[in-house]
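Report on the structure given below.
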Number of protein chains: 2
Amino acid sequence: MTAISNKVINRLTLYHCLLKYTCKGKPFIASSEIADLLDLDDSLVRKDIALCGVLGHKKQGYVVDELKKSIEQKLGFSERKEVFIIGAGSLGTALVNYADFKDYGIDILALFDNDPNKIGKEIGGKRVVSLEKLSNLISRINIKNIILTVPPQAAQEVTDYAVQCGVRFIWNFTPTVLRVPKTVTVYYENIVSSFMQMQNASIA
Amino acid sequence: MTAISNKVINRLTLYHCLLKYTCKGKPFIASSEIADLLDLDDSLVRKDIALCGVLGHKKQGYVVDELKKSIEQKLGFSERKEVFIIGAGSLGTALVNYADFKDYGIDILALFDNDPNKIGKEIGGKRVVSLEKLSNLISRINIKNIILTVPPQAAQEVTDYAVQCGVRFIWNFTPTVLRVPKTVTVYYENIVSSFMQMQNASIA
DNA sequence: TGTATCATGTGAAAAAAATCACAACAGAGA
DNA sequence: TCTCTGTTGTGATTTTTTTCACATGATACA
């Protein structure tokens, strides 16, 4: 089981979306179809698929259902991943409501916030809890992942606290760079950068 | 003016966040500081910075203010980019409220939706407009960019319509792959993939 | 049954990205 | 003033990623 690069993860996830929504009902799909839709080289698609251990069929392509399941397995979609959201603002709310998360095993347990008007209420069926309780809850149910959707000014402070509480992975939706110990992984969901990359595509 | 790769754009944007929030007040910053915070090689940081045409100072590093401005210029943060959001659900709402967009020149003009309960209302200070009016508005004010935040089931249909209306760039927040003509660019904001990449970091 | 076709699977080559290594030299401090 | 240090800037190397090219062989169809 070789490690697989982020680029491959990204593409496999897109193939999976494609199989899930675009190819509904089709029994087979060719690498060239996937490649055309995503503007990739077809041999690259085949190599990605090979990493999932799926074999295609000459003159037919890949079995959609099998390929979809193999991607799910390879990327661990069916393993349950419990997550807390810190910051019950509109982005936190949007993520709680992101319906597809459950198909990927991403299970949001609760939201945390400091705002007394929000604490105790429910958003998207999940309870909003006082940030003070984070420490307690993390140790009790051993949560490793948090989604950070607080205002940028508060990001580092909240991060320090979360790290102290034992968090291991921080999915950072704030436009800030976080100072964390080496044992903690920050993944930057750099929304603005995405936009710039999109615009760049016009030149490239 | 050489074209610059998406990876570089991504990193430069992060450097910019860092300069904006983390380094407030400091006059200088060394490539090694940036590298440490972002877990990169310092020579890579220097090469990225060189692409912006900024020169550093021996034994001191880069002038924070100058570097920040140069990144803004290189990535075109100050050029105004007008955008429509299609889909006034919770994700659309979150993006309208994303305060930092304006610092990057991203200007959301309006939201579009089919829901009669939403049409005519305001979200985050922007008007929600009937999707039917998209064609008209696009041709009148020549909008090129849309943010797509509709439910995945509706994504392709709305995309077809938007393309027909003359849209050039689609920032796709839905977990779907879109069929578009070669003249249209889709940028996939593959939220789930980000999470998987984050988890992957534990192994890598 | 035979043949032509078309999609796979994969080595080899090319391109892109990152790392290494170090000369240069400005600045700090004795 | 002199020396030492720390940081830049960059050429060379390595690693990673992508593309190219094509042999293989299953399938459709006559």
Side-chain angles (χ1 to χ4, degrees), chain A residues 2-15 18-19 23 26-68 70-71 74 188 190 193 197 200-201 203-204, chain B residues 2-15 18-19 23 26-68 70-71 74 193 197 200-201 203-204:
Chain A
T2 26
I4 111 176
S5 78
N6 282 351
K7 287 199 148 183
V8 174
I9 292 178
N10 193 48
R11 287 195 301 264
L12 285 176
T13 311
L14 284 172
Y15 304 164
L18 195 159
L19 298 171
C23 294
K26 278 180 63 169
F28 290 96
I29 188 162
S31 59
S32 58
E33 282 181 78
I34 299 179
D36 282 353
L37 278 166
L38 289 166
D39 209 10
L40 301 170
D41 191 283
D42 57 322
S43 68
L44 182 58
V45 173
R46 290 198 293 279
K47 281 183 178 174
D48 289 340
I49 291 174
L51 290 173
C52 297
V54 175
L55 286 177
H57 301 273
K58 298 250 155 68
K59 273 197 101 154
Q60 296 186 117
Y62 300 90
V63 177
V64 167
D65 234 53
E66 182 195 0
L67 179 53
K68 186 157 162 282
S70 299
I71 292 174
K74 184 72 183 180
Y188 292 97
N190 196 343
S193 151
Q197 289 174 47
N200 188 50
I203 314 153
Chain B
T2 25
I4 113 176
S5 79
N6 283 351
K7 287 202 147 181
V8 174
I9 292 177
N10 194 47
R11 286 195 302 266
L12 285 176
T13 311
L14 285 171
Y15 304 164
L18 195 158
L19 299 170
C23 294
K26 278 180 60 167
F28 291 95
I29 189 162
S31 58
S32 59
E33 280 182 79
I34 299 179
D36 283 353
L37 278 166
L38 289 166
D39 211 10
L40 301 170
D41 191 281
D42 57 323
S43 68
L44 182 59
V45 173
R46 290 197 294 279
K47 282 184 177 173
D48 289 340
I49 290 175
L51 291 173
C52 297
V54 175
L55 286 179
H57 301 272
K58 298 249 156 69
K59 273 198 102 156
Q60 296 186 117
Y62 300 90
V63 177
V64 168
D65 233 54
E66 181 195 359
L67 179 53
K68 186 157 161 284
S70 300
I71 292 174
K74 184 71 183 182
S193 151
Q197 290 175 46
N200 189 50
I203 314 152

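Predicted model only: the values in this text are computed from it and were never measured.
A straight line from CD1 of B:I29 to C1' of D:dT8 spans 15 Å, rounded to a whole angstrom. Atom P of nucleotide D:dT17 and atom CG of B:N6 are separated by 16 Å, given to the nearest angstrom. To the nearest angstrom, P of C:dT19 lies 10 Å from CG of B:D39. Summarising the geometry, the separation between CZ on A:F28 and P on C:dT8 is reported as 11 Å, rounded to the nearest angstrom. If you measure from atom NE2 of A:H57 to atom P of C:dT8, you get 10 Å, rounded to the nearest angstrom. Rounded to whole Å, the distance from NZ on A:K58 to C1' on C:dT3 is 17 Å. Rounded to an integer number of Å, the gap from B:Q60 CD to D:dG9 C1' is 16 Å.
Comparing atom distances between the B:K59 side chain and each of D:dG9, C:dA26, D:dG25 picks out C:dA26 as nearest. Comparing D:dA28, C:dT8, C:dG27 by their nearest atom to the side chain of A:S31 picks out C:dT8. Here the nucleotide nearest the side chain of B:A30, chosen from D:dT8, D:dT5, C:dC6, is D:dT8.
Among the heavy atoms of the strands, none lies under 4.0 Å from B:L40.
Inter-residue side-chain proximity for B:Y15 and B:I71 is flagged as met; some heavy-atom pair is nearer than 4.5 Å. A:Y62 has its side chain out of reach of A:K68: every pair of non-hydrogen atoms, C-beta onward, lies at least 4.5 Å apart. Side chains of B:E66 and B:V54 form a contact here, defined as non-hydrogen atoms less than 4.5 Å apart.
Nearest heavy-atom pair, A:C52 versus A:S70, reported as atom, atom and distance to 0.1 Å: O-CB, 4.1 Å.
Sorted by residue number, the list of members of residues 7-15 of chain A with any non-hydrogen atom under 4.0 Å from DNA chain C is empty. A heavy atom lying under 4.0 Å from DNA chain C marks the following residues of residues 41-54 of chain A, by number: A:S43, A:R46, A:K47.
Note: B:C23 SG to B:E33 CD = 6.5 Å, rounded to the nearest 0.5 Å. Rounding to the nearest 0.5 Å places OG of A:S193 at 3.5 Å from CG of B:N10. Rounding to the nearest 0.5 Å places NZ of A:K74 at 11.0 Å from CG of A:D48. A distance of 8.5 Å separates CG of B:L51 from OG of B:S5, quoted to the nearest 0.5 Å. Interatomic distance, CG of A:D65 versus CD1 of A:I29, reported as 12.5 Å (0.5 Å rounding). Once rounded to the nearest 0.5 Å, the distance linking CD1 of B:I49 with CZ of B:R11 reads 11.0 Å.
At least one donor-acceptor pair closer than 3.5 Å links the side chain of B:N200 to the backbone N or O of A:I4.
Defining each end axis of the helix from C:dT1-D:dA30 to C:dA30-D:dT1 as the rotation carrying four pairs' C1' atoms onto the next four, with five pairs an end, the two axes are found to diverge by 20° to 10 degrees.
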